[in-house]
Every structure is written in structure tokens, then in C-alpha cells.
Amino acid sequence: MPQAVVVIPARWASKRFPGKVLAPLAGRPLVLHACGIASRARTVRRVIVATDDDRVRHAVEEAGFEAAMTAPDHPSGTDRVAEVARGLEEAIVIGLQADEPFLEPGDLDALASAVAAPGGPRLATLAAPLRGREAWLDPNAVKVAAAADGRALYFSRAPIPYVRRGGLLEQPPAGGPPACARLHVGVYAWRREALLEFAGLPPSPLEKAEGLEQLRALEAGWRVLVLPASGRPMGVDTPEDLERAEREFGRTTGTGPR
């Protein structure tokens, strides 16, 4: 079984929701739900929260988890993960967002195993079915189109794939998402050397246009594997998302934040 380290980027100054990583969900800071998920994955030997804020570090360490202080000016979470990874020895690094409290630990194991396999990808991520038309049209909900073998074709904030109905082009497209539409889930498993190489690449044109760093890998010609998430992921980007997550947690038994 491969051995991986999970690094959770947790900056304080979220543009849409400052202090989000310490916002309480079911009575615990959001970041600690991510720590709990990672610590229950069988392939994970170490969990590190990478932060730029002493409030986050204190909350993490008080709960018994490890924190690492990182530079405050990283342009992305992956750059923050890479700063920590430079001082690690583990071959597999999983970048887990602090705002994904409904992931299943087994999904982290599946990602680590895929990247560690002979001939496996240098980078793997997750996707889940979209929850209706609202999520399909929401630019905060990133969509991914993938080939039959799981290879990522494109990531976008737009409703992809676009459905042309009756020969008409409508803006926004009518109806709900097609069955092949997928929500991208913000967790990445890397071969450590690939992560450090990626962090050294300049932002690409598509990445800058969409504001999605994973497009940098596609434009560099990398094969990015997309695996299905086994749970019902729900990212928390805004206070309204946190309210929905709280309701979802209240309905959940046996899965979700613990």
C-alpha cells in the first residue's frame, strides 16, 4: 500500500469568505473536518495544515494535528502545498482543500494508489455528479469533462458540456445538466517531483482566463486522471454554502463531517 502525506492549504484571507477555514461546522472549525478525513485514510501517514495565520495554526495544534507556517503571498493553494512538500520525503503528496468536509477517506486512498501505480499519472483528482441545474450554472462550482478512461479533457466554471437542444443555442442553456456532466472536487494527488515541477511552471493562458490552476497541467500536456468520488462532496466557498453544509450534516448518518 502506498504511503502518502496530506497537506491542507488553509489561508485566512479567503476573498469570498475571510476566515472560512475556522468557520464552525457542526461545532468544529472547517479545517478540522478536513484533518479528520485525512487522518482516517489508510494510505496517509502524516497530515499537515499549511497556513499563513497563527489563529489557524493554534486551532490545528490544539486539536492535536500538525501545522506548518508558510509564506503569506502564495497565488494558489497548490503553491502553498508545494512549499511544504519541498521539505518532505514522501513520494505521494495529496493536496486536500480545507473546505471539502464531506469527502470519504477511501477517496484519498484511491487517489494515492492511482498515482503510485506503475505507469500511473503524475496527478489525479476527483469528480462527482452535479446536483442539478443550479450547480451546473454556478461559476463557483467547477466542472470537468473527462474521457472514458478518466483522462481530464477540460475544467471550466462554465456549464460544460454545453447542451444544444433542438438546434437552438441558448444562454444560459435550458434544462438541467446532461448525465455526463461532472463537478470537480478540489483534491489532488501528486507525485512529489511532479508537484514541485508544476509549481515552477508559469501560469498558463487558460488558467488565467478561468482562474483554475489545474488547467496549467493540461496546457503543459500532462495526463490528469479523474476518479469518481464515492461520497457526496460539497465544497464550502461562501457563508451560504456553509449553511447548506450544516443542513446536510444534520441529515447525514454514518458519513460526512465527524
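- Looking at F65 and S39, their side chains come closer than 4.5 Å, going by heavy atoms from C-beta outward.
- No donor-acceptor pair under 3.5 Å is formed between the side chain of S113 and the backbone N or O of A110.
- Between the side chains of S76 and E213, at least one donor N or O lies within less than 3.5 Å of an accepting N or O.
- In this structure, D237 has no side-chain hydrogen bond (donor to acceptor under 3.5 Å, both in side chains) partners at least two apart in sequence or on a different chain.
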| Test log, rule side-chain contact (heavy atoms from CB on, under 4.5 Å), inputs L218 and L206 | CA-CA 9 Å; L218 292 186; L206 289 175; over 6 Å; no

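- In the hydrophobic clustering of ILVMFWY residues, with side-chain heavy atoms under 4.5 Å counting as a link, L215 and L195 come out together.
- Once rounded to the nearest 0.5 Å, the distance linking CG of L123 with CD of E197 reads 11.5 Å.
- A distance-only check finds a donor-acceptor pair linking the side chain of T51 to the backbone of A10 [under 3.5 Å].
- Contact check for P161 versus Y154: no side-chain heavy atoms found under the 4.5 Å cut-off.
- Using a distance-only test at 3.5 Å, with no hydrogens or angles considered, no donor-acceptor pair links the side chain of D99 to the main chain of G235.
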| request: Quick one: do H74 and R11 satisfy side-chain contact (heavy atoms from CB on, under 4.5 Å)? Show the steps, please. | output: CA-CA 9 Å; H74 284 303; R11 70 187 182 108; over 6 Å; no

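- L22 is listed as a side-chain neighbour of V31, based on a closest heavy-atom distance under 4.5 Å.
- Between A199 and R86 the shortest heavy-atom distance is CB-NH2, 4.1 Å.
- How far CZ of R40 is from CD of E104: 8.0 Å, rounded to the nearest 0.5 Å.
- Checking side-chain atoms of D107 against main-chain N and O of A229 turns up no donor-acceptor pair under 3.5 Å.
- When every heavy atom of V115 is checked against every heavy atom of A124, the shortest pair comes out as CG2-CB, 3.8 Å.
- Linking Ile, Leu, Val, Met, Phe, Trp and Tyr whenever their side-chain heavy atoms come within less than 4.5 Å puts V47 and L126 in one cluster.
- Put simply, the side chain of R182 gets close to the backbone of A179: a donor and an acceptor are under 3.5 Å apart.
- Between the side chain of D138 and the backbone N or O of A135, no donor-acceptor pair lies under 3.5 Å.
- Here CZ of R131 is found 5.0 Å from CD of E248. Values are rounded to the nearest 0.5 Å.
- In terms of modelled atom types and a separation under 3.5 Å, the side chain of K20 and the main chain of V236 share a donor-acceptor contact.
- Among residue pairs with one or both ends in residues 170-192, those qualifying as ring pair (Phe, Tyr, Trp, His ring centres under 6.0 Å) are F155-H184, H184-Y188, W190-F198; sequence neighbours excluded.
- Contact check for Q3 versus E90: no side-chain heavy atoms found under the 4.5 Å cut-off.
- Taking both residues in full, the closest heavy atoms of P173 and V163 are given as CB-O, 4.3 Å, listed atom of the first, atom of the second, then distance.
- In terms of heavy-atom proximity, P177 sits nearest to G132 at CD-C, 3.7 Å.
- Among all heavy-atom pairs drawn from T125 and V187, the shortest one is OG1-O, 2.7 Å.
- The environment of CZ in R244 is crowded: more than 12 heavy-atom neighbours from other residues, nucleotides or ligands sit within 6.0 Å.
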| task | Decide side-chain contact (heavy atoms from CB on, under 4.5 Å) for I48 and L88; before the verdict, give the C-alpha distance in whole Å, the side-chain angles of both, and the deciding distance to 0.1 Å. | result | CA-CA 11 Å; I48 305 170; L88 302 177; 3.9 Å; yes

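- Taken from CD in E243 to CD in E240, the straight-line distance is 6.0 Å, to the nearest 0.5 Å.
- Annotation for R157: atom CZ counts as buried by contact number, over 12 foreign heavy atoms lying within 6.0 Å.
- D54 places a side-chain heavy atom less than 4.5 Å from the side chain of M69.
- Scanning all heavy atoms of the two residues, the minimum distance from A189 to L111 falls at CB-CB, 3.6 Å.
- Clustering ILVMFWY residues whenever any of their side-chain heavy atoms sit less than 4.5 angstrom apart, transitively, puts L196 in a cluster other than the one holding V84.
- Between D241 and F17 there is no side-chain heavy-atom pair separated by less than 4.5 Å.
- Within the 4.5 Å cutoff, the side chain of Q214 has no heavy atoms near those of the V144 side chain.
- Hydrophobic clustering of Ile, Leu, Val, Met, Phe, Trp and Tyr side chains at less than 4.5 Å, counting indirect connections, unites V60 with W12.
- The closest side-chain heavy-atom distance from V21 to V49 is not below 4.5 Å.
- Looking at R80, its side chain never comes within 3.5 Å of a backbone N or O of I8 through a donor-acceptor pair.
- No continuous path of hydrophobic side-chain contacts links V81 to V56 [ILVMFWY only; heavy atoms under 4.5 Å].
- Judged as a side-chain hydrogen bond (donor to acceptor under 3.5 Å, both in side chains), and not counting sequence neighbours, the contacts of E207 are R216.
- Annotation: E61, atom CD; neighbour count of heavy atoms from other residues, nucleotides and ligands within 6.0 Å is above 12.
- Distance check, rounded to the nearest 0.5 Å: CG of L96 to SG of C35 gives 8.5 Å.
- Remark: I160 CD1 to W136 CH2 distance equals 10.5 Å, nearest 0.5 Å.
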